[in-house]
J.: 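Shown below is the structure under consideration.
Start at 1 and go down the list; that is how both ligands and their atoms are numbered.
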Amino acid sequence: MKITLSVIKADIGGWPGHSRVHPDCIEVARKNLEKAKKKGVIIDYSVLAAGDDLQLIMTHKKGVDARDIHKLAWDTFELAAKKAKELHLYGAGQDLLSNAFSGNVRGMGPGVAEMEFEERKSEPVIVFMADKTEAGAWNLPLFRMFADPFNTAGLVIDPEMHGGFVFEVQDVIKHRKVKFSTPEEVYDLLAFIGAPSRYVIKRVYNKKGEIAAVTSTEKLNFIAGKYVGKDDPVMVVRAQHGLPAVGEVMEPFAFPHMVSGWMRGSHHGPMMPVAFEDAHPTRFDGPPRVIAAGFQIANGKLIGPVDMFKDPSFDRARQMANEVADYIRRHGPFEPHRLPLDEMEYTTLPSVEKKLEKRFEKI
Ligand code: 13P
Ligand code: 13P
Ligand code: MG
Ligand code: MG
């Protein structure tokens with residue numbers, strides 16, 4: 001049976017500031033998706049929150065970019081934003097950048113990661129959800145999962161994985177995409193994805209062309225034309241049986257790599273893997289966080305979520321993230337804690353520059 005897994009997310013208001021989603025908003029979203037499930041629009045759903053981002057995880061048979069599903073997500077965000085407005089939550093409706101739905105939420109503010117696939121006899125998937133960072137934050141962990149034998153033993157010892165994987169990379173500035181086949185083109189791939197603010201892994205396929213992973217790549221500041229919040233991306237990864245094992249999918253997050261985002265979307269900081277209950281960034285609005293929800297899919301039903309980072313084996317990563325956070329925070333407003341100028345272009349910095357423009361003299 002072909003099913004579609006759609007993860008659509010938006011910041012509909014923070015409680016307080018940008019730290020988390022209010023439980024009343026989660027409840028509103030659950031009720032609306034329950035209604036849609038009863039009507040048969042979706043097979044199943046799970047509503048979660050990563051920091052101040054509301055996460056709608058849905059299964060259905062309508063394929064990717066389906067109008068019904070995007071409309072359902074949009075309506076759900078609007079209902080939750082209405083609740084957020086009642087509670088005067090911060091930035092209520094933050095990511096709902098358009099006021100009229102036109103068939104698809106892409107380009108309207110929400111982030112989208114969807115994949116359609118033939119459900120296997122056993123279908124483990126992990127949904128990763130981040131707050132206070134950008135889409136390119138998945139580049140390093142995805143590379144590790146699907147191309148690095150020091151992370152993924154299966155690349156060496158599983159004959160089904162030995163052939164490698166294909167990475168689809170998007171250039172989010174020039175709006176073009178390119179595919180790299182690994183292991184043959186690992187160095188070419190790295191030349192691009194090592195610049196995660198511009199080159200973002202959108203999808204990973206096995207060499208039979210079957211989808212293995214998909215990310216959300218929406219760039220909020222490009223849509224809004226100014227800084228309104230970070231992209232706070234999501235990623236779906238299928239596991240086992242010719243794909244990385246669940247543990248190989250999780251392993252990259254034992255290293256809290258440096259990502260951009262954090263305070264005002266303008267700082268580098270470590271990505272801290274946390275349990276659902278710890279996904280509310282409060283220190284300097286961070287540090288950036290990731291949660292992982294594990295599911296088995298059974299005839300489209302979502303058996304889960306399992307809180308995958310609620311595991312003491314990620315304690316060290318959390319500790320290291322705190323140490324790195326202490327270290328880099330001491331740079332205050334200096335790079336490389338603060339993002340380089342070209343990435344600050346969409347924050348409030350341009351208005352500061354404009355104000356001081358006339359005081360600059362030629363040298
Ligand atoms: P089991 O032997 O527990 O099924 O594990 C196999 C495996 O793939 C572990 O990564
Ligand atoms: P969000 O993108 O999570 O709303 O965070 C915005 C921000 O400015 C945090 O300091
Ligand atoms: Mg916010
Ligand atoms: Mg957020």
J.: Do R198 and D171 meet the salt-bridge criterion of a basic N to acidic O distance under 4.0 Å?
T.: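 The answer is yes: the pair qualifies as a salt bridge.
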
J.: Only one of F192, F165, Y187 forms a ring-ring contact (aromatic ring centres under 6.0 Å, His included) with F180, so which one is it?
T.: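 Going through F192, F165, Y187 one by one, the ring-ring contact (aromatic ring centres under 6.0 Å, His included) with F180 is satisfied by F192 alone.
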
J.: Can you tell which part of H18 has a heavy atom less than 4.0 Å from ligand 2: side chain, backbone, both or neither?
T.: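 Side chain only; the backbone of H18 stays clear of ligand 2.
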
J.: Does K9 count as lying over the ring of F77, i.e. NZ or CZ under 6.0 Å from the six-ring centre, within 45 degrees of the axis?
T.: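 K9 over F77 ring: no.
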
J.: Would you call D131-K230 a salt bridge at under 4.0 Å N-O?
T.: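 K230 and D131: not salt-bridged.
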
J.: Which atom name does H18 have for its N/O/S atom nearest to the Mg ion (ligand 3)?
T.: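 H18's closest N, O or S atom to the Mg ion (ligand 3) is named ND1.
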
J.: What protein heavy atom is closest to atom 7 (C) of ligand 2, reported as residue, atom name and distance in Å?
T.: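 Residue, atom and distance for the closest contact: Y227 OH, 3.3 Å.
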
J.: Could you list which atoms of ligand 2 come closer than 4.0 Å to a heavy atom of M263?
T.: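 It comes down to these atoms of ligand 2: 10 (O).
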
J.: For the side chain of H268 and the backbone of S260, is there at least one donor-acceptor N/O pair under 3.5 Å apart?
T.: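 No; judged by distance alone, with no hydrogens or angles, the pair does not exist.
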
J.: Check this for me, if you would: do D278 and K310 make a salt bridge, where the nitrogen-to-carboxylate-oxygen distance has to be below 4.0 angstrom?
T.: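 Not counted as a salt bridge, because no side-chain N and carboxylate O are separated by less than 4.0 Å.
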
J.: Within D11, is some N, O or S atom less than 2.8 Å away from the Mg ion (ligand 4)?
T.: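 No - counting backbone and side chain alike, D11 has no N, O or S atom under 2.8 Å.
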
J.: Using the Mg ion (ligand 4) as the vertex, how large is the angle between OD1 of D131 and OD2 of D232, rounded to 10 degrees?
T.: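 The two atoms form an angle at the metal of about 80°.
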
J.: Checking a contact table here: which protein heavy atom is nearest atom 9 (C) of ligand 2, and how many Å away?
T.: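 Result: D285 OD2, 3.2 Å.
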
J.: Is a salt bridge present between K132 and D285, judged by a nitrogen-to-oxygen distance below 4.0 Å?
T.: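 The answer is no: the pair does not qualify as a salt bridge.
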
J.: Need one value: angle at the Mg ion (ligand 4), D53 atom OD1 versus D52 atom OD1, rounded to 10 degrees.
T.: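 Seen from the Mg ion (ligand 4), OD1 and OD1 are separated by roughly 80°.
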
J.: Please state which option from Q94, K230, R289 has its nearest heavy atom closest to atom 4 (O) of ligand 2.
T.: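 It is Q94 that holds the nearest heavy atom.
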
J.: Where is the nearest protein heavy atom to atom 3 (O) of ligand 2: which residue, which atom, and how far?
T.: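 Looking at atom 3 (O) of ligand 2, the protein heavy atom closest to it is K132 NZ, 2.6 Å.
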
